[in-house]
Engineer: 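I have a structure I would like to understand better, so I am pasting it below and will then ask my questions one at a time.
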There are 2 protein chains.
Amino acid sequence: MSVLRTGVSFAAPHPSSQRDAGASWLNTILKGDCVAALEKLPSKSVDLVFADPPYNLQLGSDLHRPDQSKVDACDDHWDQFESFEAYDAFTRAWLLAVRRVMKPDASLYVIGSYHNIFRVGAMLQDLEFWIMNDIVWLKSNPMPNFRGKRFTNAHETIIWATKSPQAKPTFNYDALKAFNDDLQMRSDWYLPLCTGSERLKDAGGQKVHPTQKPEALLYRILTASSNPGDVVLDPFFGTGTTGAVAKKLGRSYVGVEREQDYIDAARARLEAITPNDPSALEMHKGKRAEKRIPFGTLLETGLLEAGTRLTCAKGRHEAIVRADGSLKAGPHTGSIHKVGALVQGQDACNGWTFWHTGSGTKKAPIDDLRKEIRSRLQA
Amino acid sequence: MSVLRTGVSFAAPHPSSQRDAGASWLNTILKGDCVAALEKLPSKSVDLVFADPPYNLQLGSDLHRPDQSKVDACDDHWDQFESFEAYDAFTRAWLLAVRRVMKPDASLYVIGSYHNIFRVGAMLQDLEFWIMNDIVWLKSNPMPNFRGKRFTNAHETIIWATKSPQAKPTFNYDALKAFNDDLQMRSDWYLPLCTGSERLKDAGGQKVHPTQKPEALLYRILTASSNPGDVVLDPFFGTGTTGAVAKKLGRSYVGVEREQDYIDAARARLEAITPNDPSALEMHKGKRAEKRIPFGTLLETGLLEAGTRLTCAKGRHEAIVRADGSLKAGPHTGSIHKVGALVQGQDACNGWTFWHTGSGTKKAPIDDLRKEIRSRLQA
DNA sequence: CTCCCGTCTGAATCAAGCT
DNA sequence: GAGCTTGATTCAGACGGGA
């Protein structure tokens, strides 16, 4: 649930610190096992969860490139599970812990590969989460398949889910569409791996975390499913990519992490970040966010007069405006929407874009008159 | 196991008819339930399985496009299951039946969407299949999300598995690499839907099957994981796309299908096919080459920061970049293109060339930043 | 003949607010 | 909470007709 809906102010860079001044866990990293640490959070307290759980990679012997160099694979102890049953039990436990702290309309994003994502997805469904989308992160620069025995594993899968089918999660549709050059955002995201200066390295030049995610991935998830001031939880915080993007975008974060090395790296990273200016963080909203203007207002303000003849775009249908704000088209009377639907023999119709004033080249939808009213109201 | 390895000749268009002259089930469609029908096949008899099981879509009420036309959804009885438990039991049964008839080194490909693929994948692992890859079919022309409530569901997932980790499945690595302009074939395949003349229609012009797959998809799978003369099984044969591609490519097929209408359509389709039709050999060269870069990518990658001031070439108009990828110029907000049009009072505008960063002699169109991204993605 | 424009359609878990 | 009203919402590609 966004601050916009609850009516709480979000002028400050970190508005959540105002709203939840008493919540000491905000913008912190909790050290420990994810299930145990999450017990410290109140139930229904986070708006968005991003989880990058262990992938349960079942690597055999070492892998070498054609030039005999050894591939630095992810063979950390935290990625090892004895069996699918053990992995399922682990998955079930952290999903239930996360579920408790999610607000009713919160979103959960989980990323994984074919080693674990099917088990995670099935468990989500078993626990009665509701899947909204699966998203594929297409890697522009994946690791090639050196042995030529499989397809280059060039993607990972992200599942977007809510707590129930009834949830109304934040989805900044209009912002994403503007972001994507006025096309709907699709379920396939083409993004590079986390490399170069973004990749955290230790003093010896070794990568700090084997599977650090690119900030661009989190940027898109937070833009899609959160608003400024929201609380974002990452139960497998690692080196803090989720926190870094949350801070940049004016969201609050909570991280859970077991390894002290990762926590240290994440703290240093987070301290160095300057949040974006709040004015740049406003989300682009489409028509849905605009104030409703009743059709009758056009008559009251004199923009339209009773008795005016309206037509559809092609002139096939016409109707007369009546002083009470209703339309009459032959035997049909009612609202602009109802009469628009009736004359077309359809169930529904948006009267604002269906009905037009004027004729020939001067024909214009009555929605233009509504826009005129809106601009007057702003001034 | 391929004929190449077993040394069997494959000169004839239907070499399998020589090898298995006594196998009456080759190149036929078995009518009936998939589990029962597969009992008629000997164990360890097929080289490749492609399965397109019911997705268990769980659709609610009708869906209409913005123009009020009704979406012709897949609401057939065979796609309905009472519960996840029922779907799991169904999945387990057909997977076991398929497992029995697979040769030890055979490959299994299963396609699905987020509604079912996680359950299928988890069941595959539970039954000790070994996953080689998951592959995403990116649809060039998916159905949009009409209500603007989710990401456009623009892909389906295909799992490639073998019977065990020890299996040595056919994988025509070099053929695929040549096929893909000397690049390794990746796990993301960009292909159009099955439409136009390829889509089977009945006398009334209605689609015969609600979910007919494109031949290009099967073409790629058969090319990757089978050799001429191999036996390809499709336990959910539908209107016979698998059989059609198998016949064209000189493989033998076996199909199982319950619905007589689909069987009739598939028989007619298969009879009309001449093997080795080169027209089916063409691969769809997608937009991969000319990758579209959304404006928001500049923000995600940090090339442009939220709050940056953009101007037109002459400095007459200016706008502020917001973190969600939209612009704000006075009262106008929206995409770079929309806001560019609005400030000029025009209908359309190419925001990439209209908006500039910097000032004076350092002024440069944001298109330069896009070029920078493109060169990074290529590297 | 080509080009342009209108129409149709595809595996889809697709509304929100007020009375 | 049920019921009614308002009115927001689509991309690529195939195809057919007319200029």
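Note on naming: letters A, B, ... go to the chains in the order of the sequence lines (proteins, then strands), and numbering restarts at 1 for each one.
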Engineer: Not counting sequence neighbours, which residues clear ring pair (Phe, Tyr, Trp, His ring centres under 6.0 Å) with A/Tyr173? List them please.
Structural biologist: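 Expected list: none.
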Engineer: List the residues meeting salt bridge (charged side-chain N to carboxylate O under 4.0 Å, His left out) with B/Asp33, not counting sequence neighbours, and say none if there are none.
Structural biologist: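 Salt bridge (charged side-chain N to carboxylate O under 4.0 Å, His left out) list for B/Asp33, sorted by chain: empty.
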Engineer: Using the salt bridge (charged side-chain N to carboxylate O under 4.0 Å, His left out) criterion, which residues pair with A/Arg309? Sequence neighbours excluded.
Structural biologist: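 So A/Arg309 forms a salt bridge (charged side-chain N to carboxylate O under 4.0 Å, His left out) with A/Glu318.
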Engineer: If a pair means Watson-Crick or G-U wobble with both distances below 3.5 Å, what does DNA chain D look like in dot-bracket form, with | marking bases paired to a different strand?
Structural biologist: .|||||....|||||||||
Engineer: Apply ring pair (Phe, Tyr, Trp, His ring centres under 6.0 Å) to A/Trp160 and list each qualifying residue two or more places apart in sequence or on a separate chain.
Structural biologist: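 With sequence neighbours excluded, A/Trp160 shows a ring pair (Phe, Tyr, Trp, His ring centres under 6.0 Å) to A/Tyr109, A/Phe171, B/Phe151, given in chain and number order.
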Engineer: Answer whether the closest heavy-atom distance between the side chains of A/Leu48 and A/Asp230 falls below 4.5 Å.
Structural biologist: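 Of all side-chain heavy-atom pairs linking A/Asp230 with A/Leu48, none is under 4.5 Å.
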Engineer: Taking only N/O atoms, report every protein-nucleotides 16-19 of chain C pair under 3.5 Å with atom names and distance.
Structural biologist:
residue: C/dA16; atom: OP1; partner: B/Lys149; partner atom: NZ; Å: 3.2
residue: C/dA16; atom: OP2; partner: A/Lys168; partner atom: NZ; Å: 3.2

Engineer: Tell me the salt bridge (Lys or Arg N to Asp or Glu O under 4.0 Å) pairs involving residues 169-181 of chain A, sequence neighbours left out?
Structural biologist: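 Only A/Asp181-B/Arg292 qualify under salt bridge (Lys or Arg N to Asp or Glu O under 4.0 Å).
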Engineer: For D/dT10, is chi within 90° of 0 (syn) or not (anti)?
Structural biologist: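 It is anti.
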Engineer: Tell me the salt bridge (Lys or Arg N to Asp or Glu O under 4.0 Å) pairs involving residues 110-121 of chain B, sequence neighbours left out?
Structural biologist: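 For residues 110-121 of chain B, and leaving out neighbouring residues, the salt bridge (Lys or Arg N to Asp or Glu O under 4.0 Å) pairs sorted by first residue read A/Asp126-B/Arg119, B/Asp88-B/Arg119.
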Engineer: Return the set of residues passing salt bridge (charged side-chain N to carboxylate O under 4.0 Å, His left out) with B/Lys207 (not counting sequence neighbours), or none when no residue passes.
Structural biologist: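 Expected list: B/Asp72.
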Engineer: Among residues 318-334 of chain A, which ones have heavy-atom contacts with DNA chain C below 4.0 Å?
Structural biologist: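 Correct list: empty, so none.
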Engineer: In the 5'-to-3' direction, what one-character label does each nucleotide of nucleotides 14-19 of chain D receive under the scheme B = base within less than 4.0 Å of a protein heavy atom, S = sugar-phosphate only, - = no such atom?
Structural biologist: SS----
Engineer: Which of residues 61-73 of chain B have a heavy atom under 4.0 Å from DNA chain D?
Structural biologist: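 The stretch gives B/Pro66, B/Gln68 as the residues lying under 4.0 Å from the strand, ordered by number.
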